Every structure is written in C-alpha cells, then in structure tokens.
Amino acid sequence: HFGHRSGMLSLSRTHVSYEVKDDVAVVRMNDPNSKVNTISIQMQNEMTEVMNELWANDAVKSAVLISSKPGCFIAGADINMIQACSSAEEVTKLSQEGQKMFELVEKSPKPIVAAINGSCLGGGLEFAIACQYRIATKSKKTVLGTPEVMLGLLPGAGGTQRLPKMVGLPNAFDMMLTGRNIRADKAKKMGLVHHLVDPLGPGLKSPEQRTMDYLEEVAIQFAKGIVDKKIPLQKDKGMMQKIQDYVMSFEFVRNQIYKTVHGKVMKQSKGLYPAPLKIIECVKTGVEQGPTAGYLAESQNFGQLAMTAESSALIGLYHGQVACKKNRFGSPAKEVKTLAILGAGLMGAGIAQVTVDKGVRTILKDTTVQGLARGEEQVYKGLNDKTKKKSITSFERDSILSNLCGQLDYKGFEKVDMVIEAVFEDIKIKHAVLKEVEAVVSPHCIFASNTSALPIKDIAAASKRPDKVIGMHYFSPVDKMQLLEIITTDQTSKDTTASAVAVGLKQGKVIIVVGDGPGFYTTRCLAPVLVEAVRVLQEGADPKKLDSLTTSFGFPVGAATLVDEVGIDVAVHVAEDLGKAFGSRFGGGNVDVLKTMVELGFKGRKSGKGWYVYEPGRKIKEVNPEIGEILENYRMKANPAVSSDSDVQYRLISRFVNEAVLCLQEGILNGPLEGDIGAVFGLGFPPCLGGPFRFLDSFGADKLVAKMQQFEAVYGNQFSPCQLLLDHAKDSSKKFHK
Amino acid sequence: MASMLLNSVRRCPVSTSWAVRLGTRALGTTAPLQAQLQTKSKKTLARPGVKNIVLVEGVRTPFLLSGTTYANLMPHDLARAALQGLLNKTSLPKDAVDYIIYGIVIQEVKTSNVAREAALGAGFSDKIPAHTVTMACISSNQAMTSAVGLIAAGQCDAVVAGGAEFMSDVPIRHSRKMRKTMLALNRAKTLGQKLSLIGSIRMSHLSPELPAVAEFSTAETMGHSADRLAAAFGVSRLEQDEFALRSHTLAKKAQDDGLLEDVITFKVPGRDIVSKDNGIRPSSMEQMAKLKPAFVKPHGTVTAANSSFLTDGASAVLIMSEEKALAMGYKPKAYLRDFVYVSQDPKDQLLLGPTYSTPKVLERAGLSMSDIDVFEFHEAFAGQIMANLKAMDSDWFGQTYMGRKAKVGTPPMDKFNLWGGSLSLGHPFGATGCRLVTTVAHRLKKEGGQYGLVAACAAGGQGHAMVIEAYPQ
C-alpha cells in the first residue's frame with residue numbers, strides 16, 4: 001500500500017493529513033497552533049486539496065473524516081477570519097466559498113463518514129452534515145450545535161439549507177435559533193447522526209486515545225459497509241416522521257410555523273437581534289424557493305449580519321468571556337480542597353451546589369437545624385433536577401452529595417482551605433463570624449465574604465490576617481448566574497486572589513476581579529438604576545410598564561421584576577448603604593417606598609409578594625394590588641420634558657453607564673472588558689449592546705452625554721457625566737474597545 | 001502444639017511423595033517439566049503458627065441452561081441438591097459441621113437466607129447455623145473464604161460453603177407506584193379509603209419492574225461493558241470466538257473423559273435424573289461467525305456464543321481444619337491458602353478483577369506466575385478473558401493503572417482452564433466459585449501439579465483470587 005507514503009508526500013500540509021487504510025482514506029484534521037480545530041483559510045485550503053486528491057485516487061473508495069484532537073472535532077469557523085473582513089461583500093464571499101466546498105462534499109461520489117468525538121459546532125457541524133454519514137461518540141464532550149446565533153450570525157456554510165431537510169423544520173429552527181448544544185444521544189434521536197459509539201475505558205492506551213482509534217476503526221467499517229451497500233444511508237422513517245413530513249408538505253402548515261417562530265423570536269428578542277430573523281428568512285427562502293435562492297440568501301444575510309453592531313457586541317462578549325475564564329493571577333500556592341460555607345441560605349446553598357459537583361469537599365454551616373435542612377435540600381434538589389434531565393445519573397448525584405457535609409458547629413474547620421461567608425448583610429455579624437472563623441482555622445485559610453455591598457476593607461478591619469480576606473460576590477441563583485465578582489483590598493495578597501479566582505473557575509464561573517469600595521462594581525452600577533426605577537414608579541408608571549420599557553431596551557429581566565428577584569429588603573440595604581457612601585448622586589426615588597413594602601412583608605419573590613404577586617404554579621404574574629396605595633402616598637410629579645418612554649429608558653441606562661465609566665475612572669475596574677462582562681453576565685445589561693463600554697463606543701459618548709445633560713437640568717447631579725465619559729464625548733476617536 | 005506436630009508429620013510425606021513423583025515423571029515426561037517442578041519458589045505454603053485449612057470435598061449439581069430441566073424448582077432446591085450430594089459423597093454425619101454459608105446473587109424473596117432453608121431441607125441438623133452472602137459472581141468464593149476465616153479464627157472446625165443460582169425464575173416486582181398503593185391498602189381502615197386507593201390505580205401502575213444484569217451505579221449491562229472492555233484492549237471477534245470454541249471443546253473432552261467428577265446426579269422432582277451439564281456445545285468458527293453482536297450493535301464483538309449463558313445450578317464444598325479432617329478420617333483434596341479481594345472502577349474496569357487479583361495473591365503467597373501449575377479463571381465472556389490476558393501482558397497497563405514496574409505476565413495457555421470454563425460449563429452466578437476451587441483441586445491431582453490459582457471478576461468492579469496447594473498424595 002502506498003497509504004503511508006501519500007501522507008508523507010504532503011509535508012507542506014500542516015492542518016489536514018490522510019492515510020489510506022485498505023480502500024478507505026482516513027482524513028485527519030489537526031490545527032497545530034490551537035487546542036481546538038477551527039475552519040480557517042488554511043484548514044479550508046488544505047481540506048480542498050486533500051479532497052481533490054482523494055477523488056482523483058482510484059485506490060480510494062470512501063473516506064473517514066476525523067479529528068486528531070480527542071476533545072474536539074471542529075469547534076466552528078475561525079471568528080478572526082470573519083472579523084478580518086471589512087465589508088459585507090467580503091464575508092458573503094467567505095460564506096460562498098464554504099458553501100461551495102461543502103456542496104462538493106455533499107455530492108462526493110465516494111461516501112464520506114464524519115467520525116465525531118468532542119465538540120462539533122458551527123462550521124464543524126455544517127461540514128459534518130454535508131458528509132454522507134455521521135458517527136459520534138457518546139462521550140459527554142461530544143456536542144453538536146449551531147451557536148452562530150449567539151454571535152449575532154447565522155450558519156453560513158449551508159447550515160440553514162441542510163439542517164431543515166435533515167431534522168425537520170421545528171428541530172432545525174430550535175437548533176439554529178437557540179444555538180444550544182445537543183448531546184450525542186439526542187442528536188441520534190433527532191436524526192442528526194446515524195450511529196453512536198461508546199467511549200472506551202483504559203486498555204492498552206489512554207482511554208481518550210483508544211476511544212479515538214476505536215471511533216476510527218468503527219467509522220472505517222461503516223465506510224466499507226456503505227460502499228458495499230450493506231449499510232443504508234437513509235434510515236427507514238418512523239411513523240411519526242412520516243406523519244410530520246406529510247403535514248409539512250402543506251404550504252399553509254409551513255407558513256404557520258414561520259409565523260409562530262417569527263412571533264416567538266420577536267417576543268423574546270424584542271426585535272433587537274437581527275440574526276434570528278435572518279435565520280428564519282434563509283430557511284424559508286430555501287424551502288419555498290429552492291436551493292439556489294436559499295444559498296444566496298444565506299451567504300448575503302451572513303455577510304450583512306457580520307457587519308452589524310449586534311454581532312460585534314456579541315462577539316466582543318464571547319472574547320470577553322473567554323478572557324474572564326482565565327486566571328491572570330497565576331496558580332495559587334495551595335489548591336483549595338476543602339471549602340466551608342457559612343450560612344445555608346439561598347446563596348450559601350447555591351455556592352455549595354456549584355462546589356460539590358466539582359469534587360471539592362464542602363462544609364455547609366448554619367446556625368439552626370431548620371436553616372441547614374433547607375440549604376441541604378436546596379443542594380439536593382438542584383442536583384436531582386439534573387438527574388431528572390438526565391445530565392447526571394442518580395448514582396453520580398449521590399456520590400456528588402457525599403462531598404457535602406452539613407453542620408452547625410466549627411468541627412473540622414482546621415482542615416478548611418477557604419471559608420466563604422454568606423451570612424446576613426450586617427457588618428457586626430460579619431465581624432463576629434470572621435473572628436469565630438479565625439479562631440479555628442489554620443493560618444493558610446482564606447476568608448471570603450459573599451457580600452453584595454459592604455466594603456471588604458471594613459470587614460477585614462476585624463481580621464488578624466487581612467491579606468487572607470477577599471470578597472467573592474456571587475449572583476442569585478448561583479447555579480444559573482455565570483458571573484462571580486471578586487473584590488480585592490489593598491491588603492489582599494496576590495496568592496489569596498489567585499486562589500479565589502481558581503475556586504471560581506472550578507465552580508464554572510466567569511470572573512471579574514475589581515477593586516474595593518461601596519458596592520464594588522456591579523452593585524454600584526445597579527443601585528442608581530434601582531432608585532431611578534423607583535422614581536419612575538413614583539412618577540406614575542406601573543411595574544408592568546417599567547418592565548416593558550427595560551426589556552424592550554434589551555434587558556432580559558424588567559427592572560421591577562429584577563428588584564423582586566433581588567429582594568426588596570436587599571434593595572433597601574443597597575440603596576441606603578450606597579446612598580450614605582455616595583450622597584446625593586445616588587438619590588432619585590424615595591427609598592421609603594421600598595421600606596414601606598418591607599414593613600408590609602412585600603420582600604419580593606421569596607416572600608410571595610413584591611411589586612408582583614407570586615403564586616406557585618402560576619406563570620402569569622399580576623401586579624401586587626396593594627402597592628398602588630403605597631405609590632400613591634409617595635407620588636411624584638413627572639416632568640414631561642424627560643418622561644417620554646425613550647427618556648425613561650435613557651434615564652435608567654445612562655445612570656448605569658455613567659457609574660460603570662466612573663468605576664473605570666476610579667480604578668475599581670481593571671478595564672472596560674471586565675466592565676462589560678460584569679454588567680452583562682451579572683446584571684443582565686442588554687447583550688446586544690455588548691455591555692456599557694461597548695454601548696458607548698457604538699452609540700457615541702457624545703450622544704449619551706447630551707441626553708444626560710438634558711436630564712441633569714431637571715434632576716441635578718444624579719445625571720452629571722463623569723470626567724472620563726466627558727473625555728470620550730469630547731473626542732470621538734477615543735474608544736473603550738479597539 | 002497439635003498443629004506444629006501435624007506440620008512436621010506432614011512435611012515428611014511431602015518430600016517423599018515429591019521424590020516418588022519425580023522419579024515416575026522422569027521416566028515418562030520431558031526434561032523441561034522436571035526443571036519446572038524443581039524451581040518452585042517455595043516447597044509449601046504452610047506457615048508455622050498458621051492453621052492448615054483443607055478442602056475435603058467439592059460437588060455441584062449439573063449446570064443447566066436456565067429454563068430447562070430445573071425450570072420448576074426454587075433456588076433452595078438446587079442448593080439442597082448440592083448439599084445432599086455433598087453428604088452422600090462424604091458420608092458426613094448430619095451434625096458434624098459447625099456452620100453453613102451459601103452465596104447467591106438473585107435473591108428469591110421467600111428464601112432470602114437460602115443457606116438456612118437449603119440446610120434444613122437437606123436434612124442437616126437444625127442446630128447448625130447458616131447464613132447467606134452475596135458478592136455477585138464471586139459469592140461462593142466469599143462463602144468459602146468466610147468459612148476459611150471462621151476456621152482460622154478458631155471459631156469452627158468444619159464448615160460447608162456453597163453457592164446457588166436460579167435464573168429460570170427471577171423476582172419480577174410490581175412497579176414502585178403499585179407497591180406503594182398496595183402497602184397503603186394494607187393500612188386502609190375503611191371501605192371508602194380502600195376503594196379510593198383501588199380507584200387510584202392507573203395503567204402505569206401495572207407495568208412491572210424487571211431485574212437487569214446491569215450495574216446499579218452505571219446502569220450499563222455487563223455484556224455491554226464486556227464489549228467495551230474487549231474494544232479497549234483491541235480484542236478481535238475472531239480471538240473471542242476462538243477462545244469460546246476452546247472452552248467448549250475442552251469442556252466436551254473433560255466431560256467425555258469423565259474428568260468432571262464434582263458433578264453429582266440429581267433426580268429432579270417431577271422430571272428426570274440429570275447427571276450432565278447441558279450447555280456444552282462445541283460449534284465451528286463458521287457457525288459462531290454468523291452470530292450478530294448481542295450488546296453493541298452492529299459493530300460490537302460480544303455475541304451469545306462467546307458469552308457465558310444464563311444458568312441454573314448449585315455447588316457445595318466441605319472445608320475443615322486439617323486436624324479435624326484427619327481426625328474424622330478424611331483424605332483432604334487440597335489446602336486453601338492465600339486469597340485476596342480487589343475492586344476497581346465499575347464502569348471501565350468492571351471485569352478486570354483477575355488482572356488485579358492475580359499478582360496480589362501471588363505476592364501474598366510469595367509465589368511467581370511460573371510456580372502455578374493449574375489456572376482456573378472464571379470465564380464471564382471470552383472478550384473479558386482475552387482483555388484480562390492482554391492487560392496482564394501490558395507493561396503500559398501495569399505501570400499506568402496498577403502502580404507496578406512492569407507487566408503482571410500471563411498464565412501459559414497449556415495450564416489454563418483445561419477442563420472448560422464458565423463459557424461452556426455454564427455460570428450460575430452464585431455457584432461458580434466453588435466449581436473453580438474444586439476443579440483446581442481435581443486438576444492438581446490429575447495433572448500432578450503443586451500450586452493452583454483461582455481468579456474471578458464480579459459485578460461492581462470486584463475481583464478475587466485464591467492460591468490452592470495440592471494435598472500430598
């Protein structure tokens with residue numbers, strides 16, 4: 001055989017190689033410069049070259065396409081390749097080249113089997129579905145999906161055309177519009193892959209390597225089987241599939257689907273995101289007008305989307321998220337193997353949940369049996385929900401829970417490497433637990449406070465070793481919210497910071513590290529928005545109106561709902577604490593409104609009533625009828641000059657943005673990137689705007705300053721733009737992001 | 001004192017018997033065998049101060065494919081038959097043992113302490129306590145080693161150990177919902193309460209809960225795991241079929257030659273007398289190649305023909321301290337020496353027990369692989385045996401997963417499972433261990449070896465090995 005030699009000949013190729021085994025060409029992808037394979041110009045060129053050789057080689061009857069990287073088939077198209085383009089036409093051309101290449105693959109006279117282990121996303125999935133057959137490993141790392149929509153793009157290499165044919169309209173829309181990852185077993189059920197291979201354990205090689213070899217062996221078997229016509233390419237359709245196909249053959253049914261999907265997208269995205277609408281358009285064009293029109297629509301829309309502000313905002317967030325998943329403080333001297341959490345409330349138990357499932361021994365301490373029981377049940381329930389969704393087995397759930405130790409005393413704290421306190425937000429209580437903890441832990445133990453507003457240096461004032469004191473501000477619900485805000489004081493040691501970041505990363509968090517101060521970064525940005533929201537309500541808007549104004553601006557959760565989620569009592573604390581610290585600049589609505597609510601027991605969702613009434617099992621929430629009277633008592637007169645819907649939106653957003661810029665100006669923030677990530681992932685700043693800093697870059701600092709000055713004239717210094725913002729307004733060439 | 005005396009007495013005949021055997025061997029066999037016999041690391045595993053424990057006798061019912069002649073019995077019936085067979089063969093007085101231990105895997109809920117029910121039914125004195133152990137496919141190994149422990153500790157002098165498995169009938173339960181309703185019905189006081197409970201029964205209550213030969217922790221069936229294990233070690237379908245054929249061929253030969261003397265005849269109530277295992281079916285490679293994979297479809301390699309089959313059967317052994325055996329006038333068959341239990345990852349190393357237990361028990365005994373004359377490994381799947389052999393032959397595996405400097409080394413095939421194995425003779429989960437130990441004793445005698453080794457894997461990722469020493473002739 002000349003198989004090996006043909007591999008040797010292509011010494012100039014670095015990303016794609018192949019060898020011929022019997023009559024099957026095994027094509028291997030391996031980007032030498034990266035942990036993952038991406039479809040780059042280089043990869044594309046080499047692949048085309050290799051494919052042409054295979055098609056010309058009579059000794060080759062079929063091919064297997066496989067990656068040499070155990071955890072990754074192809075993670076997607078190279079984003080830099082798209083970002084390097086300066087016009088929509090250029091991007092459209094890229095898309096068309098991709099379409100052309102995959103069309104050749106689809107029409108290949110020799111069957112190509114895609115052997116998938118690890119992530120098969122975006123352009124990788126588009127490549128795979130152009131192949132004649134797909135085999136995937138059942139590994140947890142194997143996921144298929146089209147995440148383009150999350151970058152404000154669409155599957156631009158034939159995906160919008162092939163997916164509907166392969167998995168049907170509803171599934172295709174679901175995949176492309178949510179961008180969610182699909183596990184291998186689900187992909188098999190959907191018809192996205194033909195066959196599954198189980199990952200192997202230890203043998204004569206490492207499990208990862210042997211699994212890859214095995215996948216290849218099985219894929220070769222199948223490739224031969226396809227050539228020998230022993231393995232059919234089309235599976236016999238089940239009854240359900242036949243019925244669905246029949247139903248879909250009616251134009252009015254399809255139109256109904258387009259309409260429904262369009263309606264859903266508009267409802268969820270408020271029309272702020274162009275990509276989902278374009279995806280619907282491309283699919284519709286392909287299905288209704290045929291492939292030529294479909295492919296053209298796909299490539300043109302892809303080009304247009306790549307030039308939108310939304311896409312660059314989302315891509316910016318993607319890069320930021322990647323950056324905030326790294327530990328820029330290096331690896332800590334001592335790994336945290338045992339973590340203790342004080343307070344088994346919502347936050348404490350939430351932190352425990354995301355810690356135990358990473359295999360870290362976790363002590364959850366509370367002061368009462370009832371509190372502890374509730375907290376332990378929360379952890380159990382969180383994990384059990386995963387069992388119900390089949391992402392973990394009941395056995396894994398049990399063995400994860402064995403890492404959790406609930407207790408009422410400080411037993412075993414001498415072995416604890418880090419303590420995170422999540423007790424009541426009261427400096428006296430914080431000092432008390434800090435002293436109790438320091439009396440029992442060993443000297444290396446780190447004390448982290450999960451406070452949302454109390455300055456860490458005030459907490460550290462009671463400490464014997466302030467270098468070991470740090471803030472770790474989690475967001476509720478901890479298992480859902482990705483952000484962790486870490487707060488360091490002047491005295492916090494670098495190793496303490498490195499350790500806190502390492503723990504956060506292990507917990508799967510996106511991390512920003514900020515300086516100390518009242519409210520740090522996130523709470524400080526949120527507080528002025530809260531008081532402004534109260535003012536808007538006092539001025540006569542009802543909570544539903546306030547919510548619709550904020551969500552239509554792009555916030556995933558309306559301002560009134562957000563306060564209910566955070567807790568009215570917490571909001572009072574934040575508003576009062578920060579009001580004291582920052583003075584009249586943090587004024588606006590009357591905090592007494594919130595205080596009255598707390599007195600009446602309206603503490604938000606957790607108490608069943610806040611701005612809204614929460615009843616278990618009811619999806620549509622009604623405005624709390626009793627708040628009308630409270631608001632009436634605190635009624636303020638709206639000034640029509642600054643009270644249009646748009647004005648209200650900009651009053652809320654500008655106070656947020658100004659505070660963020662001030663945090664950067666004061667050095668609380670390390671840079672605009674962390675500022676954007678913190679705002680989007682912690683506070684729900686509209687992702688389509690990319691965060692306060694990217695928003696300023698695209699919207700124009702001068703325009704925002706103009707609006708603020710208009711509000712300043714009515715409300716005073718609450719709307720005074722900070723110096724850095726003024727600098728940017730003055731000089732339009734100044735940008736926060738390059 | 002007594003044991004020391006016995007040791008010195010025993011040592012004498014050992015050396016003479018060796019001399020005699022060497023003498024006779026020298027006439028009939030080739031030189032290498034001689035050399036091998038002379039290079040044992042240890043003359044005996046007897047240790048001063050440690051009680052010698054012996055296997056007096058071992059029997060088993062014929063192992064039958066489940067659903068055949070035993071179909072209408074219950075598990076304790078099989079155990080009873082084995083116990084009666086042991087009594088017959090040894091003429092043991094019915095009150096002469098101190099304790100009875102049985103192993104079983106799939107429990108019949110009515111006879112959860114199957115050891116006691118079987119012992120009573122077999123006519124043993126009702127003064128003899130009995131308990132049941134479970135450790136998957138090494139349940140009767142556990143029964144035997146528990147017996148060894150009782151004797152070594154001086155608690156007992158004579159113990160009957162055994163195992164049984166009855167796969168023709170397995171407990172199929174009502175669904176949890178239905179059970180809950182039925183239990184609530186028990187407690188319901190008024191007719192109204194009862195009627196409302198009965199009224200709450202829906203179709204979904206009626207679907208039964210079937211027992212599966214699957215790991216609880218991973219939900220993977222054993223056959224599936226075996227297929228993955230075979231693939232992990234690159235064991236081909238051909239290798240597996242060849243090994244399965246070897247097992248059946250050797251078993252057939254052993255059966256025809258009358259070597260399986262542990263098998264008793266059993267008059268099955270309401271049916272015929274059975275006296276032979278009925279699962280031995282030497283086929284051809286061509287026939288075996290036709291079968292489709294049973295677990296991993298369509299590319300798997302484990303088939304019905306290269307796996308052990310569901311089997312009904314029971315076994316029993318009589319274990320005593322050497323003094324007791326000699327005092328009762330028995331001629332023991334073998335010494336039961338060192339044993340180990342191991343366990344590993346129940347997902348990816350489910351069936352690698354022998355690989356881990358073999359070197360461990362050899363080290364314990366101070367022997368090397370070449371000291372062993374007779375190997376009896378439990379054959380769960382041909383792929384499992386081949387994977388274990390490859391693991392034992394791999395330096396990389398030994399270093400990476402076992403913390404060894406080099407590979408374990410493999411047993412030579414000319415000493416390995418020469419009378420068939422679980423693949424061909426059958427594998428009643430709870431009963432196989434006793435068959436392995438008895439077979440080693442019989443083979444040592446027949447083949448003139450000194451040391452034998454039993455190794456087995458079990459569900460839960462566990463494993464076992466035991467060294468057996470021939471009793472001087």
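Predicted model only: the values in this text are computed from it and were never measured. Per chain, numbering begins at 1; letters A, B, ... match sequence-line order.
Scanning all heavy atoms of the two residues, the minimum distance from A:Val218 to B:His299 falls at CG2-CD2, 3.5 Å. Of all heavy-atom pairs spanning A:His195 and B:Lys297, the tightest one is CE1-O, 3.2 Å. The minimum heavy-atom distance between B:Asp348 and A:Leu200, with the atom names listed, is OD1-C, 4.4 Å.
Within a 6.0 Å radius of NZ in A:Lys224, other residues, nucleotides and ligands contribute more than 12 heavy atoms. Within 6.0 Å of the NZ atom in A:Lys358, the count of heavy atoms belonging to other residues, nucleotides or ligands exceeds 12. Applying the 6.0 Å contact sphere to NE2 of B:His174 captures no more than 12 heavy atoms from other residues, nucleotides or ligands.
Contact annotation for B:Lys407: neither backbone nor side-chain heavy atoms come within less than 4.5 Å of a heavy atom of chain A. Proximity to chain A is limited to the side chain of B:Tyr401, based on heavy atoms less than 4.5 angstrom apart.
By number of non-hydrogen pairs under 4.5 angstrom with chain B, the leading residue of A:Ser399, A:Pro202, A:Gly201 is A:Pro202. Contact tally against chain B (heavy-atom pairs below 4.5 Å) for A:Asp198, A:Val197, A:Thr393, A:Leu196: the top residue is A:Asp198. No other option in B:Ser394, B:Ser217, B:Pro298 has as many heavy-atom pairs under 4.5 Å with chain A as B:Ser217.
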Working note: A:Tyr214 + B:Arg228, criterion side chain to side chain contact (heavy atoms under 4.5 Å, CB included); need CA distance, chi angles, decisive distance, verdict. CA-CA 10 Å; A:Tyr214 182 55; B:Arg228 286 197 306 113; over 6 Å; no
